[in-house]
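A short worksheet on the structure shown next.
Starting from 1, each residue takes its place in the sequence as its number.
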Amino acid sequence: MPLSGWPVTKDALEPWLAQAEELLNLGPGPYDATLWDRIGHTPPEPPLSETAFRTVFWKFARSRRSVTDIMRFGADFAADPPDGVRVLTNATVTRILTDTEGRSVTGLEARSLAGGRVEVAAPICILAASTIENARLLLLSRDADPRGLGNTHDTVGRYLTDHPTTTIARFDKEAAADLAARFGLYGYREGGRTHVYMHGLALDPAWQRAEHALNGALFVNEERADDDPFTAAKRILKRQSPSVLKDAMSVARSPVRIVRGATARAIERNYIPRPISRVIVDVALRLFPNTVARDFQNGRLPVKLSGLRIEATTEQPPLPENRVTLSDKRDAFGLERPFVFWTAGEAARANLLRIGQQFAAATTGLGLPRPQLSDWVVDAAPDRAVTIDLGHMMGTTRMSQRPDEGVVDTDCKVHGVEGLYAAGGSVLPTASHVNPTLMMIALALRLADHLAARQPRG
């Protein structure tokens, strides 16, 4: 794949990947089929992993503070900030400061909407403002070069990648139970904590090599029924119900769901003492992981379902035309807003079609419920697929050995600018098909250790 690959190896990143798993409060064990033995579950039969697919698991980061919540870094950081850290709020960084040649960083300029302005002098600055804003800040910092910092080769903002995703098939309510059990969530308790894993499928590496295919995966989404009681109640409360009587009947027919929803809200808002709520959630996760996860995905409400969607997500080749630039529009500080151009591209769309076709062949050959394939899969017309991004933005300050192919080096330092670093999804050079948070955290921890090793001792 042109412009793909990493300038560092997986083995070199392993120590920080392990640290990242602990920080994210992820469950123990691997991400492949060997996890079945670790968590004590029998793999579903017949195995789809003997086709073009292999078994994969997604792990869910859980907050250590709120038992029903995912990991939210702001709350955990604010509750226990590290020593020696000072946080400035209402201070938007508007410019990176350097020497006159733009070869060394000297600090940052920040401004508030109330008119305040501050300069923070520092020989080391790390941009961790997201994939779009990291690139934008480099482009806005034009004191030494009108092209922006680190942009000698016009690479800043380019190679914006995400995970193009689309629906390849649906299953009706009758078939949903079988598929939900196969691709559902599994709870496992170890070391006093209950962890959740989601079973899915990814393309097998051997099949990929043989077919010259991009990476990709399949996962399940559940569809909410029209007569879901919480949706009906919301319509009534907002006075948007086309039929108050019909919606009221939907609510009345679902007393168990209403009780479950009320209990979840009570736990969320700390009406139930924390030790008790933790026991409730841990037991529920262990015994009914699908139910708890489904409720969380729907705002902690136990919604009524009508079927399942099979979603395919794919790796996206790095495309230089997918990029962040500066627009003519201005923000509240008078600075150019970012302009983002992103498209899935022909290669990613073609890979989504191949995933859909392989899934259809696998389910037919193994006697599983027959999926209702999306029309574009049946017609082999990937250009008609409605693709979305997953909000997994990466690549605009990508890591590279050479400055003409990226923005930061293997230590995440901006090429040609001493003391200036980037962190987050913007430094990932390729996208694979998986959620990038684990790798983003691992690279941030690696960068922290690298900078700590540079500092004089004592």
> Salt-bridged, Glu336 to Lys329, with N to O below 4.0 Å?
Replying inline: no
> Is the shortest heavy-atom distance from the side chain of Thr396 to the side chain of Val407 under 4.5 Å?
Replying inline: no
> Is it true that atom CZ of Arg370 has more than 12 heavy atoms of other residues, nucleotides or ligands lying nearer than 6.0 Å?
Replying inline: no
>> Would you compute the distance between atom OH of Tyr31 and atom CG of Leu26 and round it to the nearest 0.5 angstrom?
In response: 5.0 Å
>> I'd like to know if the side chain of Asn215 and the backbone of Glu315 have a donor-acceptor N/O pair within less than 3.5 Å.
In response: no
>> Using ring centroids (six-membered ring only for Trp), state whether Trp36 and Tyr197 fall under 6.0 Å.
In response: no
> Salt bridge between Glu133 and Arg136, side-chain N to carboxylate O under 4.0 Å?
Replying inline: yes
>> Set out, in order, the CA-CA distance, both residues' side-chain angles and the distance that settles side chain to side chain contact (heavy atoms under 4.5 Å, CB included) for Thr430 and Tyr159, then state yes or no.
In response: CA-CA 9 Å; Thr430 53; Tyr159 307 107; over 6 Å; no
> Ring centres of His450 and Trp16 under 6.0 Å apart?
Replying inline: no
> Has the side chain of Gln316 got a donor or acceptor atom that lies under 3.5 Å from a matching backbone atom of Ala344?
Replying inline: yes
>> Please report the interatomic distance CG(Asp409) to CD(Gln401), rounded to the nearest 0.5 Å.
In response: 8.5 Å
> Would you find a donor on one side and an acceptor on the other, under 3.5 Å apart, between the side chain of Arg147 and the backbone of Asp154?
Replying inline: no
>> Nearest 0.5 Å, please: how far is CG in Leu203 from CZ in Arg354?
In response: 8.5 Å
> Heavy-atom count around Glu321 CD within 6.0 Å, excluding the residue itself: above 12?
Replying inline: yes
> Are Arg402 and Asp404 within salt-bridge range, i.e. N to O under 4.0 Å?
Replying inline: yes
>> Any side-chain to backbone donor/acceptor pair from Thr155 onto Gly406? Under 3.5 Å, distance only.
In response: yes
> Between Tyr188 and Arg38, is any pair of side-chain heavy atoms under 4.5 Å apart?
Replying inline: yes
>> Within the structure provided, determine whether Leu138 and Asn151 are in side-chain contact (heavy-atom separation under 4.5 Å).
In response: no
>> Suppose we screen for ring-ring contact (aromatic ring centres under 6.0 Å, His included). Which residues come up paired with Phe219, at least two apart in sequence or across chains?
In response: none
> Taking atom CG of Leu127 and atom CD1 of Ile96, what is their separation to the nearest 0.5 Å?
Replying inline: 4.5 Å
> Does a donor on one side chain sit under 3.5 Å from an acceptor on the other, for Asp32 and Thr34?
Replying inline: yes
> Is a donor on one side and an acceptor on the other found under 3.5 Å between the side chain of Thr410 and the backbone of Pro7?
Replying inline: no
> Between the side chain of Thr165 and the main-chain N/O of His163, is any donor-acceptor distance below 3.5 Å?
Replying inline: yes
> Which pair of non-hydrogen atoms, one from Pro44 and one from Tyr186, has the smallest distance, and what is that distance?
Replying inline: CG-OH, 4.1 Å
> Just by distance, do the side chain of Lys59 and the backbone of Gly29 share a donor-acceptor pair under 3.5 Å?
Replying inline: yes
> For the side chain of Asp331 and the backbone of Arg337, is there at least one donor-acceptor N/O pair under 3.5 Å apart?
Replying inline: no
>> As a test of understanding, state which of Met440, Met393, His392 forms a side chain to side chain contact (heavy atoms under 4.5 Å, CB included) with Thr131.
In response: Met393
> Would His415 and Thr152 satisfy side chain to side chain donor-acceptor pair (under 3.5 Å), going step by step from the backbone distance to the final call?
Replying inline: CA-CA 9 Å; His415 288 299; Thr152 304; over 6 Å; no
>> Quick check against the 3.5 Å criterion: does Arg398 have a side-chain atom that pairs as donor or acceptor with the backbone of Pro429?
In response: yes
>> Under a 3.5 Å threshold, yes or no: a donor from one side chain and an acceptor from the other, between Glu311 and Thr167?
In response: yes
>> Rounded to the nearest 0.5 Å, what separates atom CG in Asn351 from atom OG1 in Thr313?
In response: 10.0 Å
> Is it true that a side-chain atom of Asn435 and a backbone atom of Thr437 form a donor plus acceptor pair closer than 3.5 Å?
Replying inline: no
